[in-house]
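Values reported hereafter were calculated over all heavy atoms of this structure, with side chains retained and with hydrogens, waters and symmetry mates removed. Residue numbering restarts at 1 for every chain, and letters A, B, ... go by the order of the sequence lines.
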Amino acid sequence: MLDIKLLREKPDFVRERLATRYAGDDARVTEVLALDEQRRAALSEAEQLKAKRNSASKEIGALMGQKKLAEAEARKAEVRTIGDRIAELDRISSEAESARDALMATIPNLPHASVALGRDAADNPEIRVHGTKRGFDFKPLNHIELCEKLQLVDFARGTKLSGSGFLLYTGWGARLERALINFLLDLHLHDHGYTEVAPPYIIGEHCMVGVGQFPKFKDQAYAVQEGLDGSTLGKLYLLPTAEAPVANIHREELLAETQLPIRYCAYSPCFRAEAGAAGVGTRGMIRVHQFDKVELIKVVTPETGYEELEKMVGNAERVLQILGLHYRVINLCTGDMGFASAKTYDIEVWAPGQGTFLEVSSCSNTEDYQARRMNLRFKSATGENRFPHVLNGSGTALARLFVALIETHQQPDGTVAIPEPLRPYLRADVIPAP
RNA sequence: GGAGAGGUGGCUGAGUGGUUUAAGGCGCACGCCUGGAAAGCGUGAGUAGGCUUAUACCCUACCGGGGGUUCGAAUCCCCCCCUCUCCGCCA
């Protein structure tokens, strides 16, 4: 949620920044301002009438105390007509307010000044590259072939259980997935100073709105219902990312500045309907309806927001460095950024079997946009109530990391060498042929 | 799921239709006092919105949330949420 005061005071600035997203938000800004004006006009008049009514009511009380009943009745009749007008004005202002806020919820965050201007992914500047593409002196397999050969994932039976886009990890595959989760959590906890949390996987609609998933991506979520009670449908959703519950942990709270920075790390499965994405990279593990992810969340002062974003990207990069993977960091341009974000870095890991880079992490500073949506504030040292910056980043997504790992470290005999730091977690140096 | 009790400021705790502008206490900030501190005394302090150059003044709203009755609601009525106790069921 943007600050309504910013829209009032600098509407042209807001329009200009939004225009860089190429999302056609201009008309909404105009409409929000019109509704806001409507609200304030009605509110102002209603408040004056309420002040009048309050003083009249007090007088009536006094008259009744003095037993001047006839006089009191006369005043009552007078005030009653004010009441009708107040009710009407209240209705107008609250309707305008709801309409204004509903519309505000559809306006994305403003891109940070440092973000490159651009229309789509083709305009994303590359920030840095780590490592090089691994060369092979044998014919490398892609992850689907490796998974089948080593019996890491049973694609057919996964589909049999839940339809396409669901994976059944088996044997060493299941073990590798679990080893990676534990490795990632331990890395961020012990080396990077995060606190582990384990959130619910089913979350309320208000949390989805809080992080900006809703209303825009409602079609991408799995809604759940309780048993046979259809009326419960739409109240709870399977989380699309741990960001949804974890960023909301302190919603509607007023934190002390001394509690900041807050750094949380959480593992969760992620559920995404991927409606409309059928046929786009659907084969294999690249785009699935359920995948595991370790998420990083920070709540920090506005002064340190961007510094913390850089650190967060570094934390995610470290995962790939330790695992000996080739990757690049890109900065999403204004037109390619997510809804709630002011600045986003994506980390893409090289997958030799795919011949492409795969997005395994997206680290964003949403500034005060999410904090405002979930009414998360902190009291500054000077006693001022302020909105903190809320950051989120993947540290990292698992299925694609799994793909890059086995494709990169495959050996001529078809087995997969396990990078040294991961070996204690898997209790093996290599994934053997069955 | 059933029955009962409850939800009031940072905390505690009064308040069953009108000097409540939410008492009192604890804690907090500042001041007085003191060699310094404690105690004591005094003053101040919530959130959001509106008006505004203004974090000043003034106005409005806020006692779990929403709606209703009334000239006037923390207080009466209805719906919902949450917490606690007991019972039932259950990994």
Mind calculating the distance between [atom1] ([X]) and [atom2] ([N]) to the nearest angstrom?
X        : N     : atom1 : atom2 : result
A:His206 : B:C81 : NE2   : P     : 14 Å
A:Leu254 : B:C11 : CG    : P     : 12 Å
A:Glu252 : B:C82 : CD    : P     : 14 Å
A:Phe378 : B:U47 : CZ    : P     : 14 Å

Please report the distance separating the [atom1] of [N] from the corresponding atom of [M], rounded so that it comes out in whole Å.
N     : M     : atom1 : result
B:G10 : B:G65 : P     : 13 Å
B:C63 : B:G7  : P     : 14 Å
B:A73 : B:G24 : P     : 24 Å
B:A74 : B:U19 : P     : 11 Å
B:U70 : B:U75 : C1'   : 13 Å
B:U8  : B:G2  : P     : 25 Å
B:G40 : B:G25 : P     : 11 Å
B:G44 : B:U55 : C1'   : 16 Å

Residues 206-219 of chain A side chain polar contacts: donor-acceptor under 3.5 Å, at least two apart:
residue: A:Lys218; atom: NZ; partner: A:Glu205; partner atom: OE2; Å: 2.8

*asked:* Tell me which pairs pass side-chain hydrogen bond (donor to acceptor under 3.5 Å, both in side chains) where either residue lies in residues 164-176 of chain A, with sequence neighbours left out.
replied: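 Passing the test, one end in residues 164-176 of chain A: no pairs.
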*Look at the aromatic rings of A:Phe166 and A:His289 and report parallel, tilted or perpendicular, splitting at 30° and 60°.*
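Tilted.
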Looking at [Y] and [X], is any side-chain nitrogen of the basic one under 4.0 Å from a carboxylate oxygen of the acidic one?
X        : Y        : result
A:Glu78  : A:Arg75  : yes
A:Glu16  : A:Lys10  : no
A:Asp90  : A:Lys50  : yes
A:Glu257 : A:Arg386 : no

*asked:* Could you work out, with side chain to side chain donor-acceptor pair (under 3.5 Å) as the rule, every residue matching A:Arg100, not counting sequence neighbours?
replied: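 Checked A:Arg100 against side chain to side chain donor-acceptor pair (under 3.5 Å); matches are A:Asp36.
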*Kindly write out the residues that satisfy side chain to side chain contact (heavy atoms under 4.5 Å, CB included) with A:Ser57, not counting sequence neighbours, or none if the list is empty.*
A:Arg53
*So what stems show up for RNA chain B if we need 3 or more Watson-Crick or G-U pairs in a row, all under 3.5 Å?*
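Counting only runs of 3 or more consecutive pairs, the stems involving RNA chain B are B:1-7 with B:81-87, B:10-12 with B:24-26, B:28-32 with B:40-44, B:46-50 with B:58-62, B:64-68 with B:76-80.
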*List the protein contact pattern of nucleotides 48-74 of chain B with one symbol per nucleotide (5' to 3'): B for base contact, S for sugar-phosphate-only contact, - for none; contact means a heavy-atom distance under 4.0 Å.*
SBSS-------BBS---------BS--
